[in-house]
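Presented below is the structure to which this report refers.
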Amino acid sequence: MSKYQGTCDTCAYLTYDDEYQEYYCDINMDEDDYARLLEDRHAACPYYRNGDEYAVVRHQI
């Protein structure tokens, strides 16, 4: 996840695993999509969803 660390930090699908004490992407993605995401260094994650619930409120102010 180091290549997409900046994007993943704010993603709604980033979930903490207590057993392994680390974060992981909790999106259901097939192997082909995952390989494409890792191979293309300029690709943005197509599953990214902003996890900041207050972003809309700040935008309205």
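Positions are given from 1 along the sequence.
- A heavy-atom distance below 4.5 Å is not found between the side chains of T15 and Y23.
- Applying the side chain to side chain donor-acceptor pair (under 3.5 Å) test to Y48 and every residue at least two apart in sequence or in another chain returns T10.
- Other residues, nucleotides and ligands contribute more than 12 heavy atoms inside 6.0 Å of the CG atom of D17.
- Each salt bridge (Lys or Arg N to Asp or Glu O under 4.0 Å) pair with one or both residues in residues 25-34, not counting sequence neighbours, appears once here: D33-R36.
- Under the ring pair (Phe, Tyr, Trp, His ring centres under 6.0 Å) criterion, Y20 pairs with no residue at all, not counting sequence neighbours.
- A distance of 8.5 Å separates SG in C11 from CG in N50, rounded to the nearest 0.5 Å.
- Here Y13 contributes atom OH and M29 contributes atom CE; the two are 10.0 Å apart, rounded to the nearest 0.5 Å.
- Note that the SG atom of C25 and the OH atom of Y47 stand 9.5 Å from one another [nearest 0.5 Å].
- The nearest pair of heavy atoms linking Y16 to Q21 is OH-CA, 3.2 Å.
- By the 4.5 Å heavy-atom criterion applied to side chains, P46 and L37 are counted as neighbours.
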